[in-house]
2 protein chains.
Amino acid sequence: MNSPMKPDRQHVAHDEADLDFTLIELLFFAYRDFTSDPDAILARYGFGRAHHRVLHFVNRRPGLTVAELLAVLRITKQSLARVLKQLINMGYIVQVQGPRDRRQRELYPTKKGRTLALALAVPQSRRIRAALEEAGIEDRAALERFLKAMVNPELRAQVDLPGRSAERTSERGKTE
Amino acid sequence: MNSPMKPDRQHVAHDEADLDFTLIELLFFAYRDFTSDPDAILARYGFGRAHHRVLHFVNRRPGLTVAELLAVLRITKQSLARVLKQLINMGYIVQVQGPRDRRQRELYPTKKGRTLALALAVPQSRRIRAALEEAGIEDRAALERFLKAMVNPELRAQVDLPGRSAERTSERGKTE
DNA sequence: AAATTATGTCAGCCATATTGACATAATTAG
DNA sequence: CTAATTATGTCAATATGGCTGACATAATTT
């Protein structure tokens, strides 16, 4: 083996054939359209995608602190500030002083906030459901495992909801 | 039927239980980290994600026109202009007059452009490969079908590479 | 008492997106 | 042939959502 006519695969570590352009592009296209769903709704409220992300996670993890939210969104405090302030001023989110540590501000959605969060999730959920059906997905758990495995290992704890037993946390009980 | 104590499911079309928050969040987290991979590389070139997307699609669809690129990226001409101009000026992309329609500018990567495009794809491809393995994906085709089904039906043609039979990615494309 | 932490805020900067208007050249339609 | 349309490029202005650095306050920890 290793005939002189063959490219030296040990040194040329990557050529096009080795790269999974198919899934790279499918992820791009899928996410492009997935995120486009809520935009029309958001525009009617004068909000953008940043508001959506904040509202989503506050709704899903009620009581999370500002620091936790920053870690989930992977943005800085200053980037969050403007968006969060608007959501609070307009009555979608409330802050309450942390019970254990009074420096912390726990974030909760108001009823108005929950309603909007759900309204934004509806088209995304519908798209997912239609895609699962259309693709004839039988092993949904495999899809969840794949997506979770795409997340940086040290950040996978963020994927799981805190303090909720009834939630689907795709089979493996142990945290990794 | 329709007892006064039960919520009216026919009118309240969506409550939390109906919504696929699990996959909504998994898509968010997976894509968040997936896109973070090339950032370090791009920063060394003074480029951002916009440059990455342009270079990626020019590399993958050599000869595509400006209008086609705009449709794929779903941005406006003005948004593309600055980024494309930089990539051209810095020698990553070349424009050639369209053969059929001389108004069109066909876009091609230079060798330098192809090299960078591949370098950016490497960590993304590695992440995908590791996730497929870690998740023990056996039915890769199902995953591809799902992601493609997530794309707006009228835009699915964009997903398929033009003028290429199946998976063959031979070297067409003009040299600089 | 001092250090650290959680949060908030100010000021400014950058990247990427938008809309609208207009210019040019090439193609197509009448 | 002329007129309309098309593909592209460009200008100006604006919005959004990121960033860094600096500083302030209150609460907790050492």
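No experiment lies behind these values; they were computed from the predicted model shown.
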Mind calculating the distance between [atom1] ([X]) and [atom2] ([N]) to the nearest angstrom?
X         : N       : atom1 : atom2 : value
Gln86(A)  : dT9(C)  : CD    : C1'   : 15 Å
Glu68(A)  : dT5(C)  : CD    : P     : 16 Å
Ile75(A)  : dT16(D) : CD1   : P     : 16 Å
His52(B)  : dA17(C) : NE2   : C1'   : 19 Å
Glu106(A) : dG8(C)  : CD    : P     : 13 Å
Leu107(A) : dA6(C)  : CG    : P     : 14 Å

Practice problem: For Arg100(B) and for Arg103(A), locate the closest nucleotide of DNA chain C by heavy-atom distance; then report the residue assigned to the nucleotide nearer the 5' terminus. | Solution: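 The residue mapped nearer the 5' terminus is Arg103(A).
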
Quiz prompt | No-H, no-angle donor-acceptor pair, Lys85(A) side chain to dG8(C) base, under 3.5 Å | solution = no

Quiz item: Taking atom types as they are modelled, is there a donor-acceptor pair under 3.5 Å from the base of dT10(D) to the side chain of Gln78(B)?
Solution: yes

Out of [options], which nucleotide sits closest to the side chain of [X]?
X         : options                  : value
Arg53(A)  : dG18(D), dT8(D), dT16(C) : dG18(D)
Ala81(A)  : dT8(D), dT9(C), dT16(C)  : dT9(C)
Arg102(B) : dA26(C), dT8(D), dT19(C) : dA26(C)
Thr76(A)  : dT20(D), dA17(C), dT7(C) : dT20(D)
Arg105(A) : dA6(C), dT16(C), dG8(C)  : dG8(C)
Lys77(B)  : dG9(D), dT7(C), dG17(D)  : dG9(D)

Quiz item: Are Val96(A) and Leu84(A) linked, directly or through other ILVMFWY residues, by side chains that come within less than 4.5 angstrom of each other?
Solution: no

Quiz item: How are the rings of Phe47(B) and Tyr92(B) set to each other: parallel, tilted or perpendicular (split at 30° and 60°)?
Solution: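 Plane angle over 60°, so perpendicular.
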
Self-check item: Glu133(A) CD: over 12 foreign heavy atoms closer than 6.0 Å
Solution: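 Open: at most 12 neighbouring heavy atoms sit under 6.0 Å from CD of Glu133(A).
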
Quiz prompt | Between Tyr45(B) and His51(B), ring centroids under 6.0 Å | solution =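 No; His51(B) has its ring centre 6.0 Å or more from that of Tyr45(B).
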
Practice problem: Could you check whether Arg82(A) gets within reach of a base, just the sugar-phosphate, or nothing at all, counting any heavy atom under 4.0 Å? | Solution: base

Quiz item: Gln95(B) near the nucleic acid: base, sugar-phosphate alone, or nothing, with a heavy-atom cut-off under 4.0 Å?
Solution: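 Since only primed, P, OP1 and OP2 atoms lie under 4.0 Å of Gln95(B), the category is sugar-phosphate.
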
Quiz item: Going by distance alone, is a donor N or O of one side chain under 3.5 Å from an acceptor N or O of the other, for Arg32(B) and Gln158(A)?
Solution: yes

Self-check item: Test: Asp160(B) and Lys148(B) ion pair at under 4.0 Å
Solution: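 Yes, charged N to carboxylate O under 4.0 Å.
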
Quiz item: Is any side-chain nitrogen or oxygen of Ser79(A) closer than 4.0 Å to OP1 or OP2 of dG17(D)?
Solution: no

Quiz item: So how far off straight is the helix from dA1(C)-dT30(D) to dG30(C)-dC1(D), going by the axes through five pairs at either end, to 10°?
Solution: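 The end axes of the helix from dA1(C)-dT30(D) to dG30(C)-dC1(D) are about 30° apart, to the nearest 10°.
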
Quiz item: Do Asp139(B) and Asp139(A) touch side chain to side chain, with heavy atoms closer than 4.5 Å?
Solution: no

